[in-house]
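Here is how names work: the chains are called A, B, and so on, in the same order as the sequence lines, proteins then strands, and each is numbered from 1.
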There are 2 protein chains.
Amino acid sequence: MKPPSEKSAGRRKSRPSFEPLQPHEIELADFFVRMAGILGVPRSVAEIYALLYVSSGPLDFDHIQGRLGMSKGSVSQGLKFLRGHEMILSVKEKGARRERWQPTPSLAASLVALLRSQVLPALEQAQPGLQRVLADAQQRAAQPEVIERLTRLNRWNSRALELAPLLLPPPGA
Amino acid sequence: MKPPSEKSAGRRKSRPSFEPLQPHEIELADFFVRMAGILGVPRSVAEIYALLYVSSGPLDFDHIQGRLGMSKGSVSQGLKFLRGHEMILSVKEKGARRERWQPTPSLAASLVALLRSQVLPALEQAQPGLQRVLADAQQRAAQPEVIERLTRLNRWNSRALELAPLLLPPPGA
DNA sequence: GCCTAGGTTCAAAAATTATTGAAACATCAG
DNA sequence: CTGATGTTTCAATAATTTTTGAACCTAGGC
């Protein structure tokens, strides 16, 4: 908690104060936070996205920080995450110092990209291991049922890897 | 670390000792753990599932606890979770006291069920809120772009809710 | 009924993950 | 180059989640 008196504090520089979130904004943020939670995306990231999503124009760093009342560090990391997953775009007006952010047009595409980035690496990394596990089981002449399971798992993994690039072209294509 | 000397400790009752996981089992467990992590399923649950998945027959409580070296509490909660999501089945031989567990036949179905159980409630709960947020925006005559976004979000939500029961019939159908 | 194997619960401890904020860095106007 | 604004980094802290284990149920055999 910080001292709430910020009325006529520092006139110079006029640190602008921002409104806290409105009820309708909170509602939307809650929704995004919950959905994000399922994918293990931290609350702060979801809140930033939600704010940009309901806002009329692009917002700059300070607005985001001010309205959500979170630290600089969190805002910076949150924007980095969203940028990295191509969920937001910067709209820098020429001659302006600061960047302003808005959501990318398609939330659907954003979600797919996000999923991709989480699932694909795991699938890729697992590929050789899974094959080895199966080979191992065959060599040990394990129960047919187990071999069957492991075979199916391998097929799945391969198919997922084949399909993935179709679902959404990789970041540079 | 526990004292490794458990050779001729207590003859009566013969507390059976279990082998630690073999390399191939560890590999598979790692895979499941990583995948589960994406959905926020705890490591211990994924490990239990993985163990049942590579094992030739159904395993009982003590085997699971012993081979994974985890506490009773974790095993109990893990089985509860897996049971609740219909990812495992109990095979109780008649005349036997203890239950023995094995994975349900379709991992795919299990995954869908798991997703459903996480996503659906969120969608349902959000429905009225999202509609309110949209109405609110329309009333405030917000930017067309924002209204457009919120409209699409609502459409999505509704469609997802309609489609859900088709994807997999609800637990009792 | 009483006892015991088998399992669950849940508060406390441990592990993990997210957030903060101050210092460091970058970039641009002058 | 200099100074200020705008942003990132990251170690420390806070919050959250997971695991543990001991006390507590519960059903079945005797």
Side-chain angles (χ1 to χ4, degrees), chain A residues 1-3 10 12-16 18 29 32-34 36-51 58-84 88 90-101 118, chain B residues 1-2 10 12-16 18 29 32-34 36-49 51 58-84 88 90-101 118:
Chain A
M1 318 314 172
K2 72 178 72 167
R12 268 184 19 89
K13 185 55 55 185
S14 80
R15 187 122 17 98
F18 297 94
F32 279 118
V33 166
R34 208 185 316 252
I38 293 174
L39 288 175
V41 173
R43 150 177 297 267
S44 63
V45 173
E47 285 180 347
I48 294 174
Y49 188 85
L51 176 59
L59 300 186
D60 67 31
F61 197 104
D62 287 355
H63 277 255
I64 297 170
Q65 183 183 359
R67 298 228 42 216
L68 294 174
M70 64 175 59
S71 70
K72 274 178 157 205
S74 286
V75 174
S76 177
Q77 290 193 173
L79 289 176
K80 182 180 186 178
F81 179 98
L82 292 168
R83 237 184 289 137
I88 59 175
S90 113
V91 181
K92 186 148 55 179
E93 279 163 24
K94 73 168 184 180
R97 212 43 156 10
R98 18 183 66 203
E99 308 212 63
R100 301 168 72 225
W101 301 94
Q118 305 222 164
Chain B
M1 317 314 169
K2 73 177 71 164
R12 271 185 16 89
K13 185 56 57 185
S14 82
R15 186 122 20 92
F18 298 96
F32 279 119
V33 166
R34 210 186 313 253
I38 294 173
L39 288 175
V41 173
R43 150 177 297 268
S44 63
V45 173
E47 284 181 346
I48 294 174
Y49 188 85
L51 177 59
L59 299 186
D60 67 29
F61 197 105
D62 287 355
H63 276 256
I64 297 169
Q65 182 184 358
R67 298 229 40 219
L68 294 174
M70 62 175 61
S71 68
K72 269 178 150 208
S74 286
V75 174
S76 177
Q77 292 193 173
L79 289 176
K80 182 181 186 177
F81 179 98
L82 291 169
R83 238 184 289 137
I88 58 175
S90 112
V91 181
K92 185 150 56 179
E93 278 163 25
K94 71 170 185 180
R97 211 56 147 16
R98 17 184 65 205
E99 308 213 64
R100 302 168 71 226
W101 302 95
Q118 305 224 163

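Atom CZ of R43(B) is separated from atom P of dT16(C) by 8 Å (rounded to the nearest Å). If you measure from atom CG of L39(B) to atom C1' of dT17(D), you get 16 Å, rounded to the nearest angstrom. Atom CZ of R100(A) and atom C1' of dT5(D) are 17 Å apart (whole Å). Protein atom CD of Q65(B) is 9 Å distant from nucleotide atom P of dT20(D), rounded to whole Å. Distance, F61(B) CZ to dT26(D) P: 17 Å, rounded to whole Å. D60(A) has its CG atom 12 Å from the C1' atom of dT7(D), to the nearest Å. The nearest whole Å value for the distance from the CZ atom in R98(A) to the P atom in dT8(D) is 12 Å. Counting to the nearest Å, the C1' atom of dG21(C) and the CG atom of D62(A) are 15 Å from each other.
Listed by chain and residue number, H85(A) satisfy the ring pair (Phe, Tyr, Trp, His ring centres under 6.0 Å) test with F81(A) (two or more places apart in sequence, or in another chain).
Salt bridge annotation for R98(B)-D60(B): present, with a cationic side-chain nitrogen under 4.0 angstrom from a carboxylate oxygen.
Shown here is R43(B), whose CZ atom has no more than 12 heavy atoms of other residues, nucleotides or ligands within 6.0 Å.
Between W101(B) and S90(B), the shortest heavy-atom distance links the atoms CZ3-CB, 3.3 Å.
Remark: S44(A) is in phosphate contact with dT19(C), judged by side-chain N or O atoms under 4.0 Å from OP1 or OP2.
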N/O-N/O pairs, protein side and nucleotides 9-16 of chain D side, under 3.5 Å:
unit_1: dT9(D); atom_1: OP2; unit_2: K80(A); atom_2: NZ; d: 3.2

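Between atom CD1 of residue I64(A) and atom OH of residue Y49(A) there is a gap of 13.0 Å, rounded to the nearest 0.5 Å.
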Please list every donor-acceptor pair under 3.5 Å in which a side-chain atom of residues 68-79 of chain A meets a protein atom from a residue at least two apart or in another chain.
unit_1: S71(A); atom_1: OG; unit_2: S74(A); atom_2: N; d: 3.2
unit_1: S71(A); atom_1: OG; unit_2: S74(A); atom_2: OG; d: 3.4

